[in-house]
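Here's the structure we're looking at; comments come further down.
First listed ligand is number 1; within each ligand, the first listed atom is number 1. All values derive from a computational prediction rather than experimental measurement.
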Amino acid sequence: MIELYEPAAGEQGKRLLCDLPETSTHVTGDRALLGQLLANLIENALRHSGDAEAVEISLNQTAGQVVLTLADSGPGIPAADRDKVLQRLYRLDRSRGTPGHGLGLALVDGVAKLHGARLELIDNAPGLRVVITFDS
Ligand SMILES: Nc1ncnc2c1ncn2[C@@H]1O[C@H](COP(=O)(O)OP(=O)(O)OP(=O)(O)O)[C@@H](O)[C@H]1O
Ligand SMILES: [Mg+2]
């Protein structure tokens, strides 16, 4: 997914910085849906992060868990809106000028739930950090 999005990121003057484990990491689930989850999060980090250049993507395996993190240093999502953006069609006012329908994070939430994973939207100070914790 990272290779797929690198050209688009480059065209926008952004970089996808990856921190992936040296050994392979496994999560049991639906490959296509997990791909869509990643695609939506990468697209969001590229589209909604303003002038911030770097998107950091990491995967960490700890005892019994796989943690996927995507972090940008754009404007982030105010704490009061972090639950609302998971609802379908909800977009922050400032995003009205960007393309999209407010469906991506609802899909991400649905796919995470389907996989029994925990989804957290956290202040990256500045920016948004999305953390998804899978049981492995
Ligand atoms: N990385 C981010 N930084 C800042 N705001 C974000 C970020 N990701 C999402 N948002 C905010 O959350 C809203 C909802 O995101 P969501 O992915 O559901 O919809 P969208 O990106 O606007 O459209 P779609 O995903 O349907 O193309 C966005 O419109 C934006 O306001
Ligand atoms: Mg989106």
Side-chain angles (χ1 to χ4, degrees):
M1 292 308 290
I2 289 162
E3 281 168 15
L4 192 67
Y5 277 95
E6 251 162 5
E11 278 169 24
Q12 297 171 51
K14 294 180 188 276
R15 284 173 306 151
L16 303 179
L17 304 179
C18 306
D19 183 8
L20 304 177
E22 281 174 17
T23 54
S24 64
T25 302
H26 295 274
V27 161
T28 303
D30 185 300
R31 178 184 285 265
L33 289 178
L34 291 171
Q36 285 192 25
L37 173 147
L38 258 175
N40 275 287
L41 292 176
I42 295 173
E43 278 172 22
N44 278 355
L46 294 176
R47 191 191 285 169
H48 301 298
S49 60
D51 291 335
E53 275 178 25
V55 177
E56 293 176 358
I57 304 172
S58 70
L59 205 52
N60 283 292
Q61 181 138 35
T62 58
Q65 292 188 324
V66 171
V67 183
L68 168 70
T69 305
L70 276 95
D72 65 65
S73 49
I77 298 179
D81 288 313
R82 281 185 215 137
D83 286 336
K84 296 182 196 158
V85 290
L86 300 181
Q87 296 167 15
R88 275 173 294 190
L89 307 178
Y90 192 90
R91 311 184 77 211
L92 300 183
D93 284 342
R94 66 158 183 263
S95 304
R96 287 197 182 148
T98 64
H101 299 285
L103 293 173
L105 285 176
L107 180 138
V108 168
D109 188 40
V111 173
K113 285 198 173 107
L114 201 59
H115 288 79
R118 185 167 80 239
L119 168 65
E120 296 165 283
L121 304 183
I122 299 169
D123 185 359
N124 195 44
L128 180 69
R129 184 197 310 230
V130 181
V131 181
I132 304 185
T133 307
F134 298 90
D135 291 329
S136 69

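Between the side chains of R91 and T98, at least one donor N or O lies within less than 3.5 Å of an accepting N or O.
Hydrophobic clustering, defined by side-chain heavy atoms of Ile, Leu, Val, Met, Phe, Trp and Tyr closer than 4.5 Å, groups V131 together with V67, I122.
Taking the side chain to side chain contact (heavy atoms under 4.5 Å, CB included) definition, one finds that D81 meets it with I77, P78, K84, Y90, L92, sequence neighbours left out. Partners of H101 according to the side chain to side chain donor-acceptor pair (under 3.5 Å) rule, which considers only residues two or more places apart in sequence or in another chain, do not exist here.
Closest to atom 12 (O) of ligand 1, if we only count protein heavy atoms, is V85 CG1, 3.4 Å. In this structure, atom 7 (C) of ligand 1 lies nearest to the protein heavy atom H48 CB, 3.6 Å. Here the protein heavy atom with the shortest distance to atom 16 (P) of ligand 1 is L105 N, 3.6 Å. The protein non-hydrogen atom at the shortest distance from atom 31 (O) of ligand 1 is S95 OG, 2.5 Å. What sits closest to atom 24 (P) of ligand 1 on the protein, heavy atoms only, is H101 N, 3.6 Å. Considering only non-hydrogen protein atoms, atom 25 (O) of ligand 1 sits nearest to G104 N, 3.1 Å.
Inclusion of P75 in the set of residues having an N or O under 3.5 Å from an N or O of ligand 1 is not warranted. Taking distance alone, with nitrogen or oxygen atoms compared against 3.5 Å, G100 stays at or beyond that limit from ligand 1.
Counting atoms of ligand 1 from 1 in the listed order, those under 4.0 Å from a heavy atom of R47 are 20 (P), 21 (O), 23 (O), 24 (P), 27 (O). Close contacts between ligand 1 and Y90 involve ligand atoms 13 (C), 14 (C) [criterion: under 4.0 Å to a heavy atom]. For ligand 1, the atoms sitting less than 4.0 Å from at least one non-hydrogen atom of R94 are 4 (C), 5 (N), numbered in the order shown with element in parentheses.
Residue-environment remark: CZ (R96) stays at or below the threshold of 12 foreign heavy atoms within 6.0 Å. The environment of CD in Q12 is crowded: more than 12 heavy-atom neighbours from other residues, nucleotides or ligands sit within 6.0 Å.
Look at G76 and you'll find a heavy atom under 4.0 Å from some atom of ligand 1. At least one heavy atom of G102 sits closer than 4.0 Å to an atom of ligand 1.
Residue L128 touches ligand 1 through its side chain alone, judged by heavy-atom distances below 4.0 Å. For D72, every heavy-atom contact with ligand 1 shorter than 4.0 Å involves the side chain, none the backbone.
Taking a cut-off of 2.8 Å, the protein N, O or S atoms nearer than that to the Mg ion (ligand 2) are N44 OD1.
Between I132 and the choices D109, V108, T69, the side-chain contact (heavy atoms from CB on, under 4.5 Å) rule is met once, by V108.
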